[in-house]
Amino acid sequence: TKITLYQALLRPSKFEVVLQKCTELGVAAFVPTISERCIISNVGDGNPAKLERWHRIIVEAAEQSNRGKLPTLQPASVFPQAAEQARGFSLVAWEGESERSIRDVVREGLGVGVAGARRPFTVNVFIGPEGGFSAAEVEIARSYGIVPVSLGRRILRAETAAIAATTIILYEAGDLG
């Protein structure tokens with residue numbers, strides 16, 4: 001399963017944890033995403049030294065986890081543009097969602113337990129910044145067919161949500177034991 005993680009920009013140390021841990025888990029691509037509640041001044045968006053550091057973190061995490069192929073690090077994108085570019089099976093983790101759990105939506109989307117179901121090869125997952133996505137951003141996501149999902153009753157830190165969502169998707173797809 002190829003996961004593209006659209007991670008809203010976080011404070012540098014937290015964003016680096018997401019890059020490291022999600023590379024270890026098997027994320028195929030990262031798209032740093034600029035949303036309403038991002039703290040851009042702390043990120044150094046477009047800074048060549050910052051981008052080199054992020055790439056180095058990905059390389060080291062891939063080596064540590066014996067990955068043969070490095071995940072890509074795409075240029076930062078504003079949320080509406082990122083939502084528009086996401087194609088196929090796409091989810092947005094949102095603490096305001098109370099009806100659909102990530103587990104149920106992933107099982108349905110991957111056709112878990114359905115004989116002859118064609119499961120998508122790629123999954124796009126959007127994770128918000130500290131403070132989460134705004135209701136307006138979730139509406140933008142919905143307009144592009146991105147399904148809002150809950151990660152459960154607990155409100156997770158943004159970096160924890162990225163790791164948890166990645167793990168759930170890979171587990172339900174049968175890519176983790």
Side-chain angles (χ1 to χ4, degrees), residues 1-8 10 14-33 35 57-58 61-62 64-74 77 79 82-130 132-133 135 137-177:
T1 303
K2 180 183 168 194
I3 296 176
T4 299
L5 178 60
Y6 290 81
Q7 174 63 61
L10 307 170
K14 293 180 180 199
F15 192 78
E16 291 168 3
V17 166
V18 170
L19 292 174
Q20 180 187 53
K21 300 307 177 192
C22 290
T23 294
E24 291 174 14
L25 285 167
V27 164
F30 295 96
V31 181
T33 305
S35 69
I57 289 168
I58 289 170
Q64 188 278 325
S65 59
N66 288 327
R67 287 191 62 172
K69 186 174 181 186
L70 287 177
T72 60
L73 177 60
Q74 298 178 16
S77 181
F79 185 83
E84 182 179 7
Q85 83 180 35
R87 299 283 184 251
F89 186 50
S90 302
L91 312 171
V92 57
W94 186 45
E95 62 275 5
E97 178 57 50
S98 59
E99 300 290 316
R100 293 175 272 181
S101 74
I102 188 170
R103 178 179 175 244
D104 293 343
V105 172
V106 167
R107 285 177 155 234
E108 181 182 318
L110 295 178
V112 174
V114 178
R118 290 189 56 200
R119 58 182 253 195
F121 177 66
T122 61
V123 179
N124 303 302
V125 61
F126 287 77
I127 302 294
E130 290 108 344
F133 288 121
E137 288 171 322
V138 173
E139 286 309 311
I140 290 169
R142 279 189 175 117
S143 75
Y144 287 105
I146 301 169
V147 180
V149 296
S150 168
L151 295 178
R153 293 183 308 231
R154 294 174 185 85
I155 302 297
L156 303 176
R157 292 182 181 272
E159 66 273 21
T160 306
I163 296 164
T166 298
T167 303
I168 292 165
I169 293 165
L170 292 173
Y171 180 81
E172 292 298 333
D175 292 333
L176 288 178

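What you see is a predicted model; the values in this text were computed from it and never measured.
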> Nearest heavy-atom pair of A158 and G128: which atoms, and what distance?
Replying inline: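 Closest heavy-atom pair between A158 and G128: CB-O, 3.3 Å.
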
>> For a quick test of reading the model, state the closest non-hydrogen atom pair linking L70 to A62 and the distance between them.
In response: CD2-CB, 3.4 Å

If you look only at distance, which donor and acceptor atoms sit under 3.5 Å apart when one is on a side chain in residues 15-31 and the other is two or more places apart or in another chain?
unit_1: E16; atom_1: OE1; unit_2: R53; atom_2: NE; d: 3.3
unit_1: E16; atom_1: OE1; unit_2: R53; atom_2: NH2; d: 2.9
unit_1: E16; atom_1: OE2; unit_2: R53; atom_2: NE; d: 2.8
unit_1: T23; atom_1: OG1; unit_2: L19; atom_2: O; d: 2.6

I need the [X] [atom1] to [Y] [atom2] distance, nearest 0.5 Å.
X: Y6; Y: I146; atom1: OH; atom2: CD1; value: 8.0 Å
X: Q7; Y: S35; atom1: CD; atom2: OG; value: 9.0 Å
X: L151; Y: L156; atom1: CG; atom2: CG; value: 6.0 Å

N/O donor-acceptor pairs under 3.5 Å from side chains in residues 159-168, not counting sequence neighbours:
unit_1: T166; atom_1: OG1; unit_2: A162; atom_2: O; d: 2.8
unit_1: T167; atom_1: OG1; unit_2: I163; atom_2: O; d: 2.8

>> Holding to side-chain hydrogen bond (donor to acceptor under 3.5 Å, both in side chains), I want the full list of residues that pass it with S101, two or more places apart in sequence or in another chain.
In response: D104

> Taking only residues two or more places apart in sequence, or in another chain, which ones meet Q64 in a side-chain hydrogen bond (donor to acceptor under 3.5 Å, both in side chains)?
Replying inline: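 side-chain hydrogen bond (donor to acceptor under 3.5 Å, both in side chains) check on Q64 returns nothing, list empty.
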
> How about T72 and I58: do any of their side-chain heavy atoms sit closer than 4.5 Å?
Replying inline: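 T72 vs I58: side chains apart.
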
>> With a 6.0 Å cut-off (strictly less than), is the heavy-atom count around NZ of K2, excluding the residue itself, greater than 12?
In response: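 Counting other residues, nucleotides and ligands, NZ of K2 stays at 12 neighbours or fewer.
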
> If you look only at pairs with a residue in residues 147-157, which of them pass as a salt bridge (Lys or Arg N to Asp or Glu O under 4.0 Å), with sequence neighbours excluded?
Replying inline: none

Atom pairs and distances, side-chain donor-acceptor, residues 85-98, under 3.5 Å, sequence neighbours left out:
unit_1: R87; atom_1: NH1; unit_2: E84; atom_2: O; d: 2.5
unit_1: S90; atom_1: OG; unit_2: G88; atom_2: O; d: 3.1
unit_1: S90; atom_1: OG; unit_2: N124; atom_2: ND2; d: 3.0
unit_1: W94; atom_1: NE1; unit_2: F133; atom_2: O; d: 3.4
unit_1: E97; atom_1: OE2; unit_2: E99; atom_2: N; d: 2.8
unit_1: E97; atom_1: OE2; unit_2: R100; atom_2: N; d: 3.0

